[in-house]
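Below is one structure; the comments refer to it alone.
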Amino acid sequence: MSTDLFDDLPPVVSRETLAPGAVLLRGFAREEGAALLQAIAEVTRQSPFRHLVTPGGYTMSVAMSNCGALGWVSDRSGYRYDALDPLSGQPWPAMPAILRGLAVRAAAQAGFADFEPDACLVNRYEPGARLSLHQDRDEQDLSAPIVSVSLGLPAVFLFGSTSRSDKPQRHRLAHGDVVVWGGPSRLAFHGVAPLADGEHVLLGRQRINLTFRCAG
Ligand code: SIN
Ligand code: FE2
């Protein structure tokens, strides 16, 4: 299916299966995009974006924040979920109802009923930022899917199999697109190619991605 056909059309949801258990819902969040961004701005006012350091000592090009009961963090000692924002020592901001509601509806649409996320990682990409291939495997409950919402500048999402050596497929993700992966794809390797420069009407030179997880 061609991806660019949808860009100039009003919000229409199309559903593409990327792999067993992995679904791309194009435009699913587009109508709510501005309201989602407002809620995210309130989250990042309380817990600002920061560039985390990996256990190997590499500073990530993607800037991160979190909302919900648990937040994903990385430092020299490893990756983990933590109830407190290490910058403030305070709990992460609560997950705004508009974010949570969207994630639950997207999961249901993709065939995962009763999704109850307790963590939402907020990723900010500026031109050139990238996320290398990885698995999301720090969560307790691997029976729950990952729900990923893309806002702002388009990106190339790399989606592979559960084997690192398989060459990933490339999917263009635009503002409002949602990807859900779970079941046999829950531990699929995925990443984001270096963000191309551009100007988005709501976000300028940025892409924001939300990933909702059942972490605890
Ligand atoms: C992630 O893997 O946490 C983020 C994926 C994305 O930015 O699309
Ligand atoms: Fe991930």
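Source: prediction; values computed, not measured. Order of listing sets the numbers, starting from 1, for every ligand and every atom in it.
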### Message
I'd like to check Thr211 versus Val147 (side-chain heavy atoms, cut-off strictly below 4.5 Å). Are they in contact?
### Response
no
### Message
Could you check whether any side-chain heavy atom of Pro168 comes within less than 4.5 Å of a side-chain heavy atom of Phe189, counting everything from C-beta outward?
### Response
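Pro168 does not reach Phe189 side chain to side chain.
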### Inter-residue atom distance Ser150.OG - Arg207.CZ, 0.5 Å rounding
3.5 Å
#### Entry: For the Fe ion (ligand 2): protein N/O/S atoms at distances below 2.8 Å
3
### Query
Parallel, tilted or perpendicular for Phe159 and Trp181, by the 30°/60° rule?
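Judged by the thresholds at 30° and 60°, the geometry between Phe159 and Trp181 is perpendicular.
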Using 4.0 Å as the upper bound for N to carboxylate O, is an ion pair formed by [Y] and [X]?
X     : Y     : result
Glu16 : Arg26 : yes
Arg80 : Asp75 : yes
Asp85 : Arg50 : yes

#### Entry: Within 6.0 angstrom of Glu116 CD, more than 12 heavy atoms from elsewhere
no
### Query
Counting only heavy atoms not in Asp197, do more than 12 fall under 6.0 Å of its CG?
yes
Could you give the N/O to N/O pairs under 3.5 Å linking ligand 1 and the protein, each with its distance?
unit_1, atom_1, unit_2, atom_2, d
ligand 1, 2 (O), His134, NE2, 3.1
ligand 1, 2 (O), His190, NE2, 3.0
ligand 1, 3 (O), Asn123, ND2, 3.4
ligand 1, 3 (O), Arg213, NH2, 3.3
ligand 1, 7 (O), Tyr125, OH, 2.5
ligand 1, 7 (O), Arg207, NH1, 2.9
ligand 1, 7 (O), Asn209, OD1, 3.3
ligand 1, 8 (O), Arg207, NH1, 3.4
ligand 1, 8 (O), Arg207, NH2, 2.9
ligand 1, 8 (O), Asn209, ND2, 3.2

